[in-house]
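A short write-up of the structure that comes next.
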Amino acid sequence: MLDIKTIRENPELIKKVLIQRLMELDVDRIVALDREKRTLLTEAEELKHTRNEVSREIGVLKKSGEDATGRVEEMKAVSTKIRLLDEMLRKLTSELDELLSRVPNLPQADVPVGPDMRAGKVVRAGGEKREFDFPTQNHLALGETLGVLDFKRAAKVAGSNFALYRGPGALLERGLINFMLDLHTVEKGYTEISPPFFSNRECMHGTGQLPLLEDDMYHLKRDDFFLIPTGEVPITNLHRGEILEEADLPVRYAGYTPCFRREAGSYGKETRGLLRIHQFDKVELVRLVKPEDSASAHEELLADAEDVVKRLGLPYRIILLPTGEMSFASARCYDIEVWAPGQKEWLEVSSVSNFEDFQARRANIRYRDGEGKINFVHTLNGSGLALPRIVVAILENYQEKDGTVTVPEVLRPYLRGLEKIS
RNA sequence: GGAGGGGUGGCUGAGUGGCUGAAAGCGCUGGUCUUGAAAACCAGUGUACCCGCAAGGGUACCGUGGGUUCAAAUCCCACCCCCUCCGCCA
């Protein structure tokens, strides 16, 4: 959420950003509602002031046994008027809040302007694309031959676009999670969080998944819970509604969670195999920092996520996303993509975002600075990393001529020393 | 799921319709005193929003949302959360 003052003072800027982000919203309506609301509010507050004063008088009169009927009658009329104004305000405010909650964050100055990935800026790349002296297979073929992936049975258990890992495949999944968590907690100093995998409506709103992405969530109607679409939701919302002390910052959390997404509207080739599934595992990194630290924290967070792909020895590149590709709440975002030689394409395995105070404002996460002043924190998060596409990349990059897959060295301790999936 | 108890400021905790944004204590900040510290004493110590150039003024908030009333922390209704016991259960 943006400060209403920002919108009030720069409606044209907001309109420009909406275009850059390929979104539509009636900004003039917001400005008008805001103005109308303040007029009504002032009027209502003045009446309430009168009522408070006179009610006090009535109390005094009654205590001394005097007649207060006239004043009471007067205040009945005032109260009716207040009720009316409050009702108008309530309607107005709810429309205004609804619109406000749909205004996206403002991109930072160096974010490339453009509608799609072609406008993205490759910041750097790492790892070597391997030269294969045999025809490569994609992860579907490899997974099936090796018996480590079983989509048919996943569909039998749940439905299409679910994954099932078997034997060394399951071990690989579990090993990757542990490898990543150990890296971030032991080496990088993150505190590990294992949160609930359900979250309530307030949290979903707090991090910005609601109201725009409701159709993409699994929702438990009876309890009004959502299955989390990312660990970002529960972990960022840990401190919802709190005022942290400056000394508590920066907060750095790492957590493993499964992620649940309906992926409504996705279809075709892109959804085959592990590329886009309804449930996937992810290790998420979250930071809460002072505003002046968020730019450097963003770079550090990126480096922490990058370190995972580096150590796995996967060819990767980092892209600064253009305006049209950034998520709603993000002010600046890097994607990390790994090369999948079987698929012959780059796969997004991490999004590393700086939300500035956008989420903090929604979730009301603040801190008290050295002078006792209260400000919103800045929030950041990054996948460190999303697993299925990493599994794809490992299978495809480490495949051998005989159809086996070599286990990357850093993972072997996590796979009971397993060197080869065969 | 059933029965009972409870949710008040940073913390403990008073407050059952009127001058209560909220006693008291603790904590914290500043000051006095002291060589320094402690103690003691004095003063201050919530958040958000609105009006205003400012000084300042006002409104709201006692788990959340409604309601009753001239007036609600206090009365009524619904919901949420916590605790105890019972049931169920990995």
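The chains referred to below are lettered A, B, ... by the order of the sequence lines, with proteins before strands, and numbering in each begins at 1.
Rounded to whole Å, the C1' atom of B/rG57 lies 25 Å from the corresponding atom of B/rC62. For the C1' atoms, the distance linking B/rU69 with B/rC83 amounts to 34 Å, nearest Å. Nucleotides B/rC28 and B/rA78 place their P atoms 44 Å apart, quoted to the nearest Å. Distance noted for atom C1' between B/rA90 and B/rG6: 29 Å (whole Å). Between the P atoms of B/rA54 and B/rU45, the separation comes to 23 Å (whole Å).
Note on A/Arg8: a side-chain N or O is less than 4.0 Å away from OP1 or OP2 of B/rC50. At the phosphate of B/rA71, OP1 or OP2 sits under 4.0 Å from a side-chain N or O atom of A/Arg51. The shortest distance between the side-chain N/O atoms of A/Asn52 and the OP1/OP2 oxygens of B/rU59 is below 4.0 Å. Applying the 4.0 Å criterion to OP1 and OP2 of B/rG46, one finds that A/Arg368 has every side-chain N and O outside that range.
With both pairing distances under 3.5 Å, B/rG46 is matched to B/rC61 as a Watson-Crick or G-U wobble pair. Taking a pair to require two hydrogen-bonding distances under 3.5 Å in either a Watson-Crick or a G-U wobble arrangement, B/rG56 pairs with B/rC51. Here B/rA73 sits opposite no nucleotide as a Watson-Crick or G-U wobble pair (both hydrogen-bonding atom distances under 3.5 Å). Pairing of B/rG4, defined by two Watson-Crick or G-U wobble distances under 3.5 Å, is identified with B/rC83. Here B/rG10 sits opposite B/rC26 as a Watson-Crick or G-U wobble pair (both hydrogen-bonding atom distances under 3.5 Å). As the counterpart of B/rC41, B/rG31 is assigned, both hydrogen-bonding distances of the Watson-Crick or G-U wobble pattern falling under 3.5 Å.
In this structure a side-chain-to-backbone donor-acceptor pair under 3.5 Å is missing from A/Arg287 to A/Leu380. For the pair A/Arg102 (side chain) and A/Pro211 (backbone), a donor-acceptor distance under 3.5 Å is absent.
Residues A/His278 and A/Tyr218 bring a donor and an acceptor atom of their side chains to less than 3.5 Å of each other.
Aromatic rings of A/Phe358 and A/Phe328 (six-membered ring for Trp) have centroids within the 6.0 Å cut-off, being under it.
The residue A/Arg38 sits close only to the backbone: its heavy atoms come under 4.0 Å of sugar-phosphate atoms, none of a base.
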